[in-house]
2 protein chains.
Amino acid sequence: MTVKSKREIILDSAEIRMRTVGYNGFSTREIANLVGIKAASVHYHFPSKADLGVAVTQRYCTRFFEALGEPSHSPAPIKHFATLFHNALINDKKLCLCLILGAETSSLPETMNQETNHFFKHNLEWLEEALISSQSLSEQQAKEKAAVILASFEGALLLSNSLSNPALFDSITAYFTEQ
Amino acid sequence: MTVKSKREIILDSAEIRMRTVGYNGFSTREIANLVGIKAASVHYHFPSKADLGVAVTQRYCTRFFEALGEPSHSPAPIKHFATLFHNALINDKKLCLCLILGAETSSLPETMNQETNHFFKHNLEWLEEALISSQSLSEQQAKEKAAVILASFEGALLLSNSLSNPALFDSITAYFTEQ
DNA sequence: GTCTATAATTTGATAGAC
DNA sequence: GTCTATCAAATTATAGAC
């Protein structure tokens, strides 16, 4: 295993905090304490808080898209999609970053909003393609159902996390995967 | 029309900000400026920011539940439920307060989390009752579908708001109301 | 009820030594 | 790259005059 750069360690801590309390809920000093350095050193790696927020968001999206892969490579694509969200909630015990950023959208650096929008759009297209090939829906039907699924899964994360009820997430996603 | 008390005017401004940038995104000074008074005067009405946040959340939930009424009083309850969320997005041009608070949950005063949880639970029960009587589902089926609907609607608000696409909200909710 | 004044703390950020 | 020191601004909150 390659040794992590300090930059990556900072990104790790910042992602944890952003997915827990949002962009407006954490400070660079807090990240510094978590990493074991001083705030000034965080600013060496990321000149501004916005730079850090953007880097976290870009890394999050890149990793999610990598884990997602191509819809055609999965025998049960909707289930695969649900599993990624399930892992965020159960393994990471965190929300989807773009759920929190979407809720905070009016107070974020514009680049972060663009990343968040790209996250949603890419997932909608992925789901649409998956639905067309796996459930032989029309393009229009697939587009509509893709939005229903993405909305449901993000909402399922929200409800399950708020109510501290992980099983609720699986119950909701099962509605779309058990067909 | 009764004249609004200063307390209510403060609550109005605070609700707008909380539904736009969240609890961690606004300051008492900002509310004071919006209302046209000084920050110290806001603290006269609400000793702490948490007191203000709690009051906003309680008023929001009370009003929502009043507008919701009883499921048995509506000929098309799911559509009625969708309309309330639609109005939040289209008329208020805002998210559901509990969507933002649910995303910020780890950094909120405990009373606000309790209110948010109550909001979700009350709506789940309302939807369950509506589904049992209007779609003659079993209690178990109704409970599961109620969670799917609430998650979808909250997620639909998130996606529509982020992507600046109000029509997307109606398209998603139509999946559950046009049956 | 609202104001001025102010306190205590936090925050984002920079300069410059090592 | 990391530190100390420091800054300017913002934030929550209180005391006390009017």
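Predicted model, so just to flag it, every value in this text is computed and none were measured. The figures that follow rest on heavy atoms only: side chains count, while hydrogens, waters and symmetry mates do not. Chain A is the first sequence line, chain B the second, and so forth, proteins listed ahead of strands; every chain is numbered from 1.
- The CD1 atom of A:Ile37 sits 12 Å away from the P atom of D:dT4 (whole-angstrom rounding).
- Taking side-chain N and O atoms only, A:Tyr44 has no distance below 4.0 Å to OP1 or OP2 of D:dT2.
- Atom CG in B:Leu52 sits about 14 Å away from atom C1' in D:dT11, given to the nearest Å.
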Protein-nucleic acid N or O pairs under 3.5 Å, nucleotides 13-16 of chain D:
from	atom 1	to	atom 2	distance (Å)
D:dA13	OP2	B:Lys49	N	2.6

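- B:Lys38 has its NZ atom 16 Å from the C1' atom of D:dT11, to the nearest Å.
- Under the rule for a side-chain contact (heavy atoms from CB on, under 4.5 Å), the partners of A:Thr111 that lie at least two apart in sequence or sit in another chain are A:Val54.
- Within residues 4-25 of chain A, the residues having any heavy atom under 4.0 Å from DNA chain D are, by residue number, A:Lys6.
- Note that CD of B:Glu115 is 13.5 Å distant from CZ of B:Arg59, once rounded to the nearest 0.5 Å.
- With rounding to the nearest 0.5 Å, the separation of CD1 in A:Ile149 from CD in A:Glu144 is 12.5 Å.
- Going from atom CZ of B:Phe119 over to atom OG1 of B:Thr57 covers 11.0 Å, rounded to the nearest 0.5 Å.
- Using modelled atom types, one finds a donor on one side chain and an acceptor on the other under 3.5 Å when comparing B:Ser107 with B:Asn24.
- Atom NE2 of A:His45 is separated from atom C1' of D:dT2 by 8 Å (rounded to the nearest Å).
- A donor and an acceptor atom, one from each side chain of A:Asn113 and A:Thr116, are nowhere located under 3.5 Å apart.
- C:dT10 atom C1' lies 15 Å from atom CZ of A:Phe26, rounded to whole Å.
- Closest contact between the side chain of A:Ser27 and the listed nucleotides D:dT2, C:dG12, D:dC3 involves C:dG12.
- A cation-pi geometry, defined here as NZ or CZ lying under 6.0 Å from the six-membered ring centre and within 45° of its normal, does not hold between A:Lys38 and A:Tyr44.
- Inter-residue side-chain proximity for B:Leu131 and B:Gln141 is flagged as unmet; no heavy-atom pair is nearer than 4.5 Å.
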